[in-house]
Every structure is written in C-alpha cells, then in structure tokens.
There are 2 protein chains.
Amino acid sequence: MAPLPKHLTGDQASIDEFINQFDVFLFDCDGVLWSGDHLFPGTVETLELLRSKGKKTVFVTNNSTKSRADYLKKLTSMGIPSVEEEIFASAYSSAIYISRILKLPAPKNKVFIIGEAGIETELKSEGIEFLGGTDPALRRDITPEDYTNIANGSMLDENVGIVLAGLDFHINYLKLALGYQYLARGAKFLATNTDSTLPSAKTFFPGAGSISIPLVNMTGQQPLSTGKPSQAMMDAIEGKFQFDRKKACMIGDRLDTDIKFGLEGKLGGTLAVLTGVSKKEQWEVDDAPVRPHYYVDKLSDLMG
Amino acid sequence: MAPLPKHLTGDQASIDEFINQFDVFLFDCDGVLWSGDHLFPGTVETLELLRSKGKKTVFVTNNSTKSRADYLKKLTSMGIPSVEEEIFASAYSSAIYISRILKLPAPKNKVFIIGEAGIETELKSEGIEFLGGTDPALRRDITPEDYTNIANGSMLDENVGIVLAGLDFHINYLKLALGYQYLARGAKFLATNTDSTLPSAKTFFPGAGSISIPLVNMTGQQPLSTGKPSQAMMDAIEGKFQFDRKKACMIGDRLDTDIKFGLEGKLGGTLAVLTGVSKKEQWEVDDAPVRPHYYVDKLSDLMG
C-alpha cells in the first residue's frame with residue numbers, strides 16, 4: 001500500500017522541492033486547467049512559472065474528437081498559450097500507435113473509423129489510409145440490402161485490418177454492424193480511449209468507451225486503448241518526447257485515469273488536484289486502489 | 001451435473017412418452033421452426049400433430065421490434081397457422097411486467113423507450129404512457145443546446161420512471177444521452193432482452209443487448225431483462241397461460257437462452273433441436289453448464 005500523498009498547498013519548501021525534481025510535467029486539462037468553459041484563476045501563471053524554470057509542459061487529453069491542431073485552438077480560446085508540439089491527444093496517440101508500433105503490412109492495413117474528424121486528421125498526418133469516420137454515406141439508417149451486402153462482404157473493404165473506435169456523436173446501427181463485421185473477419189480492435197462518460201454541462205454524456213462497448217459485447221474482445229490510463233499512450237508520449245520517466249510528473253484530477261496512468265507508467269511523480277472529479281477521501285480510505293504522490297487543492301497553489 | 005439428454009430421433013416409444021407427459025410446448029422460433037426465410041420441412045405438420053393431441057403451443061421470441069400482431073403476420077407469412085394469443089414476444093413481456101408486476105404509481109410511471117414500434121404497440125395495449133421510441137424528433141444529431149437542456153432537465157419529462165431498451169435500428173447519441181440522464185435521475189432500467197447479437201443473413205448484427213450496453217457501461221447498473229433466459233419472462237408467461245410448469249416443455253436451439261430459460265424455470269422438460277445455433281458437442285463436454293433433458297436432430301423428428 002502506497003503512503004498517503006504529501007499535501008503541498010501552502011508549504012513553500014515542499015513545493016520548491018517538488019518542482020525542482022522534475023523536467024517534464026504532463027497535464028490533464030479538464031478539471032485541472034479549467035472546468036467546462038471556466039478557466040481556473042492562476043492556470044496561465046502556473047504554466048508560465050514552470051516554463052520559466054525550463055520545465056517541459058505537455059497537455060495529455062483523452063478527447064478523441066479533436067486533432068492536435070483543433071485542441072491547440074481550444075487551449076488558445078481558453079487563454080492558454082501553447083504550441084501544437086505540446087499537445088498529446090488520444091486520436092494522435094492512436095495514429096502513432098498504428099503507424100509506428102503496430103505497423104501492419106500493406107495492403108491489409110486500412111483503418112475503419114468509428115469516430116469524428118479529429119481521428120481522421122491524425123491518421124492522415126501519419127499517412128494511414130482509412131474509411132468510415134465522418135463519411136456522410138454512413139450517416140443513414142440500415143436498409144434490408146445492407147444486411148445482405150454486409151454479410152456477403154460486398155459492402156466491406158477487404159483491406160481493412162484495424163477497427164478504431166473513439167467518441168462518435170453520429171454513432172448508428174449501420175456503423176456498429178460494419179465495425180462488428182470487420183472484427184469478426186479478423187481486424188484488430190483499437191480504441192482512442194475507453195472513458196465510459198464524457199463530463200459536460202455539469203453532468204455526464206456517453207464517452208468513447210460507451211461507443212465501443214457494443215462491439216466488446218458482440219465480440220467478447222476488449223480493444224487496445226491508446227488513451228489514459230493505457231500504457232500504450234505513455235509509451236507513445238515517451239517515444240515522442242524522449243524523457244526520463246523518473247524526471248516526469250503526471251498532474252490530473254482523476255485517480256482512475258490520470259493518477260493511475262502516471263503510477264503504472266512508473267513516472268517519478270503524480271500530483272492530484274482537487275478541482276475535478278476525484279476527492280481526497282478516495283485515497284484516504286485504507287484500501288484505496290490508487291494514491292498519488294502529492295496533492296494540491298488547486299493547480300495554482302504551485303505558485304506558492 | 002445433469003445427465004446427458006435423451007436422443008428422441010427415430011425412437012417412437014420415447015417420442016410418444018415425451019409428448020404424452022406435457023400439456024404445453026413453448027417454442028423458440030428462429031432455428032427451430034425456420035432459419036431466416038427458410039421454413040423447415042415438417043414444421044407445420046409437427047405443430048398440427050401436437051395441437052391434434054390437445055397440446056397448447058406458445059411461440060416465445062426475444063424479437064423486441066415486433067408486437068404480437070406483427071409477429072403473427074410473420075408466422076403467417078412463413079406458412080405457420082397461428083393466433084395472436086399463442087405469441088409471447090419480449091416487447092409484450094416488458095409491457096406485462098411494467099403494468100402487472102412493477103406497477104409504478106402515477107404520475108411518475110412513464111416509459112422512455114429506446115427501441116422500435118413493436119414496443120410502443122405493446123405498451124399501448126397495456127395502457128402504459130411512453131415517449132422516445134420511434135419519435136422522429138429524436139432521430140437527429142445532438143446539438144450544443146441539447147447538452148444544456150438535458151443537463152438542466154428542460155428536455156426531460158419529469159414523469160419518466162422507467163427506461164426500457166430493446167433493439168433499436170435508429171439508435172443514436174441523443175437517445176443514449178437521454179436514456180442515461182433518466183437513469184441517473186433514478187428511473188428503473190429494463191430491457192426487452194439482452195441478446196448481444198441478432199442473427200441475420202448467416203452472420204450477426206447488433207442485438208438488443210448491444211443497444212442497452214452503453215447505458216450499463218455508463219451507470220454500472222444491469223437492466224432487468226424481460227426476455228429469455230430471464231425468469232421475468234417465464235413468470236409473465238405463466239401468469240398469462242396459467243399452466244403447471246411440470247407439464248410444460250421448452251423447445252429451442254440455443255442452450256444459453258432457450259434451454260437455460262426452461263431449466264431455470266423448472267419446467268418439466270427441455271428439448272434441444274440441432275437446426276440452429278447450439279451443437280450437441282456443447283452439452284457433451286464434462287463441464288457443460290447447460291444440458292437439455294431431450295434432443296432431436298430436427299423438430300419434425302417428433303412426427304416419428
């Protein structure tokens with residue numbers, strides 16, 4: 001059992017010691033930097049402080065509907081100065097995984113996407129061929145002919161080797177039927193992330209994991225996730241930024257995704273903030289499955 | 001461990017003994033009476049034989065998209081003489097369960113349907129108020145305003161007390177978001193049935209259980225199913241037909257739904273046919289979880 005986390009808020013000596021031991025800070029965004037449309041006071045100044053001390057800042061998000069360029073726009077619109085190179089989103093993580101780790105031999109390496117434009121943009125950036133996704137031809141009801149043509153394969157692309165599922169606001173029966181059929185014929189099953197819910201407007205909406213779960217239910221297969229807390233994402237981040245894990249710290253609000261992600265990745269540190277989903281009571285219980293190394297009441301407490 | 005089933009095919013004395021001990025025969029349909037659009041030879045004659053001996057025949061189906069009247073049309077179109085009173089489909093089973101067992105007090109007893117017209121017809125037949133279902137207003141993309149209006153409740157009917165999910169060929173993000181929100185606010189969670197797949201065109205398509213599974217994933221709650229093998233369906237059938245379970249036999253092709261349904265319902269008999277999904281090798285293994293009492297190669301073997 002890990003020890004209880006150290007509370008850094010108001011303890012300047014510990015804050016200095018904390019910051020000094022790391023070169024890289026990985027940030028979850030919603031619940032850490034902002035909540036919904038509300039930027040937390042001091043977020044920009046805290047990031048500036050860390051950067052002024054030569055620290056690398058990386059924004060790590062499971063949002064699969066946005067490409068890195070889209071996500072940069074979001075950071076900018078929230079008033080957070082950033083560059084695309086600092087952004088690591090789950091759609092990009094999938095693209096990296098497919099092109100640099102999975103490396104299926106052509107021609108049977110096309111990706112059938114269940115998801116939005118962000119995934120398409122990132123697959124394109126890695127030169128990966130795909131179909132599905134935002135294709136308007138799939139945004140329709142299933143027809144009697146579709147059953148026959150899916151079953152006999154005439155509606156399928158025989159070069160699909162991967163089904164990649166992320167958050168899809170246009171999910172429908174036809175896409176699920178096609179996704180299942182590719183999996184039944186041997187395609188590999190990937191997910192940008194498997195969050196069951198998407199927090200929005202102070203409640204929850206279906207998350208990427210609730211879009212892919214019908215395929216899990218039909219096939220009995222779990223997808224390989226390239227989002228937090230999957231270590232496929234950590235491996236991809238390390239591959240891109242080439243840092244010493246012992247000198248990196250994950251900052252997040254969710255124990256079961258962010259903090260677990262940092263702990264399983266054997267980073268030098270994990271810092272929880274209390275401005276999002278998880279509460280300190282969750283790690284204070286005796287049998288807490290996940291405990292961060294440190295916590296602050298809010299991110300800007302790091303400014304001392 | 002139950003003993004191996006008795007093979008009735010070609011054994012006239014055992015067939016006679018089998019038929020004589022039951023008053024009621026519950027039939028699964030697809031895989032027993034027909035396969036897809038192909039009526040098995042001898043199906044009609046076997047049903048006639050049983051009826052001529054004074055046996056009650058009941059058709060028990062998990063098909064939730066059809067009302068009993070719709071299903072009667074299907075039986076008729078397949079060439080099988082029947083009457084609506086012999087049909088017990090999962091949508092009807094849900095309606096019976098809601099009106100006669102659950103009996104939520106008005107006004108908070110409306111049903112939010114994820115599913116097709118068959119469910120609506122059966123709820124109407126029991127005088128149950130509902131929304132959702134085939135409402136064209138829900139067959140659209142989610143909008144930014146929807147997030148706000150779902151979260152603040154202005155898009156919700158405060159009298160919804162039940163979410164009922166069945167097979168929905170028009171499933172979309174908006175319906176899942178609404179279904180989740182009703183459940184999060186305390187609605188009871190029912191499913192017509194939880195079959196993960198729908199067999200069609202010699203392959204599989206998403207079944208009712210793969211439509212409700214996102215809500216299971218989001219809430220951590222399992223729905224109460226009113227389809228095979230759930231005993232809620234058996235209780236409803238018994239309530240309607242008032243028979244002695246010891247004098248009833250379930251006939252089906254699937255061990256994990258039909259045969260399990262009969263065994264858990266403590267019917268006097270279960271008969272497997274080999275013209276559908278399950279194979280005899282499945283019950284012949286030492287640790288077979290489900291074994292029927294009897295089996296025939298095909299239903300018409302009962303004609304001797």
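In the text below, chain A, chain B and the rest are named by the order of the sequence lines, each starting its count at 1. Because the structure is a prediction, the values reported are computed rather than measured.
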Checklist entry - So, do A/Leu190 and A/Ser94 sit near enough that their side-chain heavy atoms are less than 4.5 Å apart? => result no
Next on the checklist: Taking side chain as everything from C-beta outward and backbone as N, CA, C, O, which of these in A/Ile150 sits under 4.5 Å from a heavy atom of chain B? Side chain, backbone, both or neither.
Outcome noted: side chain
Next on the checklist: With heavy-atom distances below 4.5 Å as the criterion, would you say the side chains of A/Thr257 and A/Asn193 are in contact?
Outcome noted: no
Checklist outcome for this item: The interface call for B/Tyr147 against chain A, heavy-atom contacts under 4.5 Å, is both
Item to check | Beyond-backbone contact of B/Met155 with B/Leu174, side-chain heavy atoms, under 4.5 angstrom | outcome: yes
Next on the checklist: Less than 4.5 Å apart, side chain to side chain, heavy atoms only: is that true for A/Phe112 and A/Leu156?
Outcome noted: no
Next on the checklist: So if I take each residue of residues 130-141 of chain A and look for any heavy atom under 4.5 Å from a heavy atom in chain B, which residues do I end up with?
Outcome noted: A/Asp141
Item to check | Neighbourhood of chain B inside residues 194-212 of chain A, taking heavy atoms under 4.5 Å as contact | outcome: A/Ser196, A/Thr197, A/Leu198, A/Ser200, A/Ala201, A/Thr203, A/Phe204, A/Phe205, A/Pro206, A/Gly209, A/Ser210, A/Ile211
Item to check | B/Lys110 and B/Asp157 ion-paired at < 4.0 Å | outcome: yes
Next on the checklist: How about CD on A/Glu158, more than 12 heavy atoms from neighbouring residues, nucleotides or ligands closer than 6.0 Å, or not?
Outcome noted: no
Next on the checklist: For a quick test of reading the model, state the closest non-hydrogen atom pair linking B/Leu33 to B/Leu39 and the distance between them.
Outcome noted: O-CD1, 3.4 Å
Checklist entry - Which answer fits A/Asn152, side chain, backbone, both or neither, if we ask what part of it has an atom under 4.5 Å from a heavy atom of chain B? => result neither
Checklist entry - Do the non-hydrogen side-chain atoms of B/Phe59 and B/Lys74 ever get within less than 4.5 Å of each other? => result no
Item to check | Heavy-atom side-chain contact between B/Asp28 and B/Phe261 under 4.5 Å | outcome: no
Next on the checklist: Just so I know, are the side chains of A/Val60 and A/Met233 near enough to count as touching, which here means a heavy-atom distance under 4.5 Å?
Outcome noted: yes
Item to check | More than 12 heavy atoms of other groups within 6.0 Å of B/Glu264 CD | outcome: yes
